[in-house]
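Written out below as structure tokens is the structure these notes cover.
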Amino acid sequence: MTSNIHAPELESPLGWLNTDKPLRLAHELKGHVVILDFWTYCCINCIHILPDLKYLEHKYADKPFVVVGVHSAKFTNEANRQTVRAAIHRYEIEHPVIIDDQMKLWRAYAARSWPTFVVIDPEGYVAATTAGEGNRETLDTTIAAIFDEHAAKGTLAEKPVTIQLDGHVEPATGLAFPGKVLADRDNDRLFIADSNHNRIIAVTWPDAQGHCTLIKTIGSGHVGRDDGPAESATFDHPQGLAISGDTLYVADTENHLIRAVDVNTWHTTTVIGTGEMGYDRAGGAMGTGQEISSPWDLAIEGGTLYIAMAGIHQIWRAEMPIGFARALAGSGRENIVDGPVETAALSQPSGICLHKGKLYFADSEVSAIRGIDLASEQVFTLVGSGLFVFGDVDGDAKQARLQHCLGVTGWHDTLLVADTYNHKIKSVDPGSGHVTTLYGTGQPATTGSDGALGLFEPGGLHADGDDLFIADTNNHRIVHVNLQSHAWTELKIASLTTPATPSDPSNANDAGKVVVPLNGSLTIALDIKLPAGAHINADAPVSIRIATADTVLHQETRFTTETPVRIKLAIDNDTPTDPWRIDVTFVYCTDGTESACIPAEIAWTCTPIPTADAPAELTLSARV
């Protein structure tokens with residue numbers, strides 16, 4: 001199995017993530033079988049192979065075996081620690097990742113495509129190289145043979161290297177990487193794909209301050225594909241949503257299924273897909289007999305459901321409710337080619353909408369907004385021109401640039417776009433292709449310096465009238481924007497808890513009775529005492545929520561490294577005097593040669609006592 005090619009050492013000036021120490025082939029990884037996974041987090045093929053890597057990691061967990069993700073970025077936005085760290089948590093990656101600054105390791109190992117796998121033997125030599133999807137069995141066989149060979153040679157490490165992975169904190173918002181959102185003003189409700197909680201959330205239409213009430217949680221929160229009642233149904237990282245009458249359709253992305261939820265009974269059924277990822281690029285089978293691949297978004301008109309099939313670079317349509325599904329556009333070749341639907345080329349379509357008789361889609365890997373004239377069955381492009389042509393440029397169609405856009409929705413005579421890797425919402429004129437930035441700072445943020453809306457890789461959006469709802473994915477929140485006044489607020493969903501850690505007074509610091517003003521403003525200073533040599537991680541959002549059992553008084557998400565964390569809470573006669581629970585979630589990092597980033601949640605409970613001469617500031621302290 002060994003070759004005479006010595007594996008280049010793993011070094012990067014941007015360093016490592018998801019590990020408490022650097023890992024070098026000549027030191028920590030000596031005597032180990034190592035798989036290098038060259039990936040970039042935008043890539044659907046890279047997402048598809050993560051289950052294979054998890055399978056191998058679990059199978060060889062007691063052996064000296066390590067998977068190392070080598071993140072060799074395609075897009076500019078992917079080439080920094082903050083966004084890669086978020087992707088590691090979003091994809092629930094269970095191995096260390098090295099940031100391949102300037103693609104130095106990519107060149108050193110002669111990688112040519114994402115994903116590429118390099119297997120390194122315990123003596124530090126390249127044993128095998130392969131690329132693409134569908135290589136689980138090949139890798140497994142290769143690893144087993146290397147172990148046999150080196151067990152006989154006596155060159156295996158006595159035990160696996162110990163690696164402390166970065167943890168992930170459950171945000172105080174109750175959501176985790178929400179992917180898509182659907183507004184249903186006719187019935188005064190919203191639906192949210194709470195993707196990393198593997199569930200769908202139905203809530204009431206929010207008031208002007210963003211307050212809304214939980215109607216129903218659909219899904220237990222466990223990964224699976226069980227049909228049935230809301231409490232026991234299971235999903236796997238769902239994304240797109242579409243509603244027709246009493247049926248809510250769900251793109252159950254990582255199950256490779258389309259699910260249907262009866263919004264009267266909240267019962268879930270599977271309507272399209274076998275549950276296994278398929279490579280059929282024609283379709284023509286019925287319902288659960290038709291294999292599909294990574295459906296990412298949905299749109300519906302009459303009985304026709306349109307599916308953005310990101311996994312095979314196509315748009316499909318299905319006749320519902322019978323579930324007869326077939327390809328509509330895209331040859332399956334990843335590129336940007338206009339023309340007849342059967343010969344056009346698409347690139348990981350991830351957002352879709354119907355608008356004024358045309359079907360528009362966000363073609364993410366070519367950073368394009370494209371459309372299908374359903375009458376003539378022709379594909380056309382408004383903005384975008386190539387797999388490696390991207391940027392953050394407004395203006396006319398020829399000069400405008402987007403960066404890995406994931407969402408699109410219609411609003412009056414224009415299109416609104418989630419320009420995901422630019423952390424912005426932009427408008428695109430369907431006639432001219434002219435692009436204008438509406439919201440976002442261009443960098444990961446929650447709020448701009450002037451109080452304007454900041455975003456962090458928004459994955460979906462939906463406009464209903466002049467109300468725009470944004471799935472601000474990496475900030476773990478839904479944002480409501482009035483498109484006329486541009487006022488915005490986070491959604492504050494009363495009674496929403498996470499599947500794993502519902503709010504429980506027993507895990508909070510009891511501050512007892514506290515005096516608060518009768519009216520006006522109260523500043524609450526959360527004095528968080530970190531271990532020596534630790535600091536709040538500026539790359540991860542801090543999530544704060546103040547609530548009673550059935551009312552959210554305050555919620556905000558921010559980036560900060562400062563402590564105490566100060567919150568301003570408006571107090572009036574309507575402020576509940578029931579016990580408050582204050583939650584703050586964040587990530588802190590330790591310094592030193594073996595630094596680590598650790599998720600933390602601190603909670604307090606207190607009973608407010610309105611008092612005329614109460615101090616204007618309340619300090620609550622706790623130690624991590």
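Start at 1 with the first residue, then count along the sequence.
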Under 3.5 Å side-chain donor-acceptor pair for [X] and [Y]:
X	Y	value
Glu94	His58	yes
Thr381	Arg370	yes
Gln348	His313	no
Asn474	Arg90	yes
Asp140	Tyr60	yes
Thr557	Glu490	yes
Asp394	Thr437	yes

From [X] atom [atom1] to [Y] atom [atom2], the distance as rounded to the nearest 0.5 Å:
X	Y	atom1	atom2	value
Thr473	Ile478	OG1	CD1	7.5 Å
Ile163	Trp16	CD1	CH2	8.0 Å
Asn255	Thr234	CG	OG1	7.0 Å
Trp316	Tyr306	CH2	OH	15.0 Å
Asn135	Phe117	CG	CZ	6.0 Å

Please tell me if the side chains of [X] and [Y] come closer than 4.5 Å, counting only heavy atoms from C-beta onward.
X	Y	value
Asp392	Tyr421	no
Tyr588	Asn537	no
Ile192	Ile493	yes
Leu387	Lys74	yes
Leu468	Leu461	yes
Asn422	Asn77	no

Any donor-acceptor pair under 3.5 Å from [X] side chain to [Y] backbone:
X	Y	answer
Lys426	Leu438	no
Lys54	Glu92	yes
Asp419	Cys405	no
Asn198	His237	yes

Classify the angle between the aromatic ring planes of His480 and Phe469 as parallel (below 30°), tilted (30 to 60°) or perpendicular (above 60°).
->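 Parallel, since the angle between the ring planes stays under 30°.
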
Relative to each other, are the rings of Trp114 and Trp106 parallel, tilted or perpendicular (30° and 60° limits)?
->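 Rings of Trp114 and Trp106: tilted, as their planes differ by 30° to 60°.
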
Has Glu291 got more than 12 heavy atoms of other residues, nucleotides or ligands less than 6.0 Å from its CD?
->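 Yes, because the 6.0 Å sphere around CD of Glu291 holds more than 12 heavy atoms from other groups.
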
For Glu9, does the CD atom have more than 12 heavy-atom neighbours from other residues, nucleotides or ligands under 6.0 Å away?
->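 Counting other residues, nucleotides and ligands, CD of Glu9 exceeds 12 neighbours.
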
With Arg333, which residues qualify under salt bridge (Lys or Arg N to Asp or Glu O under 4.0 Å), at least two apart?
->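 Applying salt bridge (Lys or Arg N to Asp or Glu O under 4.0 Å) to Arg333 gives none.
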
For Arg24, which residues count as a salt bridge (Lys or Arg N to Asp or Glu O under 4.0 Å) partner, sequence neighbours excluded?
->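 Glu28.
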
If every non-hydrogen atom of Pro96 is compared with every non-hydrogen atom of Leu23, which pair is closest and at what distance?
->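 Pro96 and Leu23 have their closest heavy atoms at CG-CD1, 3.6 Å.
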
If every non-hydrogen atom of Cys353 is compared with every non-hydrogen atom of Leu415, which pair is closest and at what distance?
->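 It is SG-CD2, 4.3 Å.
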
For Thr420 and Glu457, run side chain to side chain donor-acceptor pair (under 3.5 Å): C-alpha distance rounded to whole Å, both residues' side-chain angles, the deciding distance at 0.1 Å, then the answer.
-> CA-CA 5 Å; Thr420 306; Glu457 291 192 3; over 6 Å; no

Does NZ or CZ of [X] lie under 6.0 Å from the centre of the six-membered ring of [Y], at an angle within 45° of the ring axis?
X	Y	answer
Arg259	Phe235	yes
Arg136	Tyr55	yes
Lys424	Tyr439	no

So, do His476 and Phe177 have ring centers that fall under 6.0 Å from each other?
->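 Ring-ring flag for His476/Phe177: true, centres closer than 6.0 Å.
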
Test of ring centre spacing under 6.0 Å for Phe390 and His404 |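 No, they do not, as the ring centres are separated by 6.0 Å or more.
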
Quick one: do Glu170 and His197 satisfy side chain to side chain donor-acceptor pair (under 3.5 Å)? Show the steps, please.
-> CA-CA 10 Å; Glu170 291 286 0; His197 283 151; 2.7 Å; yes

Result of checking Asn475, Thr447, Val565 against Arg558 for side chain to side chain contact (heavy atoms under 4.5 Å, CB included) =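 Exactly one pass, corresponding to Val565.
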
Under the side chain to side chain donor-acceptor pair (under 3.5 Å) criterion, do His95 and Glu57 qualify, and how do the steps go?
-> CA-CA 8 Å; His95 53 256; Glu57 288 171 307; 3.0 Å; yes

